[in-house]
Visitor: 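Take this structure first; my questions come after.
Predicted model only: the values in this text are computed from it and were never measured. Residue numbers run from 1 in the order of the sequence given.
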Amino acid sequence: HFMYSQADFASVRSFLEASCQARGIDVIFLPKFHCELNFIEQCWGYAKRIYQMKDPSSSESVLEQNVIHSLDAVPLSSMRHFATCSARFINAYQKGLNGVKAAWAIKRYRGHCVLPPSIMQEFDDAYSTAQA
């Protein structure tokens, strides 16, 4: 922890960053968080599911082609769907909902871009009705 906090250590680019920047590729490191908040993880899961349906092989070139075809097979419409779902979960967490409440609210307000500001009041009303 002490080394990571040193200015000269923290300012050094990683090998991955240096290699990508030398090829003109921007690298963005995202913080670790649950996959429901990162639609790229959902796209990756979709591609892995497609990859598992391919015939097994021990040839590196065949495996590489299978990976490329699997990644290319993820439809843009699915990527957009995953991004929308992630944005809805982020919005729900920003409004103070926990995981179970967020999932319920997202299902209930499926056609909405964001959850209504009164969502917490709805939970309070539902809870007080259930208690009575």
Visitor: Taking atom CD of Q42 and atom CG of N38, what is their separation to the nearest 0.5 Å?
Guide: 8.0 Å
Visitor: Can I40 and F82 be said to form a side chain to side chain contact (heavy atoms under 4.5 Å, CB included), step by step?
Guide: CA-CA 8 Å; I40 295 169; F82 297 146; over 6 Å; no
Visitor: Measure the spacing between CG of L76 and CZ of R80 and express it to the nearest 0.5 Å.
Guide: 4.0 Å
Visitor: With rounding to the nearest 0.5 Å, note down the distance linking CG in L71 to CH2 in W44.
Guide: 5.5 Å
Visitor: When the side chains of residues 15-24 are checked against the rest of the protein, which donor-acceptor pairs come out under 3.5 Å, sequence neighbours left out?
Guide:
{"unit_1": "E17", "atom_1": "OE1", "unit_2": "S14", "atom_2": "N", "d": "2.9"}
{"unit_1": "E17", "atom_1": "OE1", "unit_2": "S14", "atom_2": "OG", "d": "3.3"}
{"unit_1": "S19", "atom_1": "OG", "unit_2": "F15", "atom_2": "O", "d": "2.9"}
{"unit_1": "Q21", "atom_1": "OE1", "unit_2": "R13", "atom_2": "NH1", "d": "2.2"}
{"unit_1": "R23", "atom_1": "NH1", "unit_2": "S19", "atom_2": "O", "d": "3.0"}

Visitor: For the atom pair OG (S86) and CD1 (I106), what is the distance rounded to the nearest 0.5 Å?
Guide: 9.0 Å
Visitor: Taking everything shown except D26 itself, do over 12 heavy atoms lie less than 6.0 Å from its CG?
Guide: no
Visitor: So do the side chains of L97 and W104 get within less than 4.5 Å of each other, counting heavy atoms only?
Guide: no
Visitor: Any chance you could measure H69, atom NE2, to E64, atom CD, to the nearest 0.5 Å?
Guide: 10.5 Å
Visitor: Would you list the atom pairs, donor with acceptor, under 3.5 Å between side chains in residues 45-55 and any protein atom, with sequence neighbours excluded?
Guide:
none

Visitor: Testing the 3.5 Å rule here: is there a donor-acceptor pair between the side chains of S59 and S57?
Guide: no
